[in-house]
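Both ligands and their constituent atoms are indexed starting at 1 by order of listing. Counting begins at 1 with the first residue of the sequence.
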Amino acid sequence: MLNLIAERLRVIRQRLGAAARRAGRDPATVTLIGVAKGQPVAALREAIAAGLAQLGENYVQEWAQHRAALSGAAERGSRPEVNWHFIGHLQTNKARRLVGQATLIHTLDSPRLADELEKRAAAAGLVQPVLIELNVAGEANKAGLPPDELPAFLDALNGLSHLEARGLTVLPPAAPEAEAVRPWFRAVRELRDALNRKNVYRQALTELSMGMSGDFEVAIEEGATLVRIGTALFGERS
Ligand SMILES: *Cc1c(COP(=O)(O)O)cnc(C)c1O
């Protein structure tokens, strides 16, 4: 089908804008990230050509493949600039490959990973923007920091000058319908607001990375500033 992805992008942007307005928010305060995992390069290219400027990657290896394939297009002068977001579980031994390459790392979830990222960012002479991923429901099979450890973790991050925490990421427990996850999104926003009021971290946490294909409108109504959308934009993953 011709321009299927461009059409889906248009519809998602429309839904995103409507959700923002329902919440009295400016749609420009919500950034759409296209989640590239399991997607063919042709689909990514089509979305970029249609104006998508942010891509999210879960795996360092697949990310490298996508970048290599898309940079061919850049040489031919047809690729606008893409910002890369790392949204997958990050192992400490891969941290070095992300620092300075990812616009934003959404999945900082342990003091050990923070120390490693700090070390790599310091060595590269840069400040790496990060989000802290929370495991809100204490799910054993999921990554993320327990919310009750967040204040102490943020206090420790105050001492790491080469990391800049911008906000929080959450993947709520799977639910049959989007409304069921609203309380999780709301709780994360309220937690963020409370931490900001107490100035626990050295700067305000402004970003909330929450919402995927099935629940991004609810997430936006609850304050999401970054939504991560894969299948609704690119179709089913291989
Ligand atoms: C795969 C993935 C997404 C996208 O999920 P869809 O349901 O396809 O939109 C978003 N966030 C993370 C962390 C993911 O791993």
Those atoms of ligand 1 less than 4.0 Å from some heavy atom in L171: 13 (C)
Check: E133/T107 side-chain N/O donor and acceptor closer than 3.5 Å: no
Salt bridge (Lys or Arg N to Asp or Glu O under 4.0 Å) evaluation trace for K37 with E62: CA-CA 7 Å; K37 69 166 181 277; E62 186 182 35; over 6 Å; no
From CD (Q39) to CG (L233), nearest 0.5 Å: 8.0 Å
Closest protein heavy atom (residue, atom, distance) for atom 10 (C) of ligand 1: M212 SD, 3.2 Å
Residue and atom name of the nearest protein heavy atom (relative to atom 6 (P) of ligand 1), distance in Å to one decimal: S213 OG, 3.5 Å
Within reach of ligand 1, part of I87 (heavy-atom separation under 4.0 Å): both
Separation between CG of L168 and CE of M210, rounded to the nearest 0.5 Å: 9.0 Å
Atom indices of ligand 1, in the order listed, that fall short of 4.0 Å to a heavy atom of V35: 1 (C), 2 (C), 3 (C), 4 (C), 10 (C)
Atom indices of ligand 1 within 4.0 angstrom of I229 heavy atoms, with elements: 9 (O)
Ligand-residue contact atoms, ligand 1 with T231, heavy atoms, under 4.0 Å: 6 (P), 7 (O), 8 (O), 9 (O)
R237 to ligand 1, any heavy atom closer than 4.0 Å: yes
Short side-chain donor-acceptor distance under 3.5 Å, Q128 and R120: no
Ring geometry between W63 and W84 (parallel below 30°, tilted from 30 to 60°, perpendicular above 60°): tilted
Shared hydrophobic cluster for M212 and L9 (ILVMFWY, side-chain gaps under 4.5 Å): no
Nearest-contact summary for atom 1 (C) of ligand 1 - protein heavy atom, Å: K37 NZ, 1.3 Å
Protein contact of atom 11 (N) of ligand 1 - nearest heavy atom, named by residue and atom, plus distance: R228 NE, 2.9 Å
Any T225 side-chain heavy atom under 4.5 Å of T31 side chain: no
Subset of ligand 1 atoms that lie under 4.0 Å from at least one heavy atom of N58: 14 (C), 15 (O)
Geometric N/O contact G230 with ligand 1, under 3.5 angstrom: yes
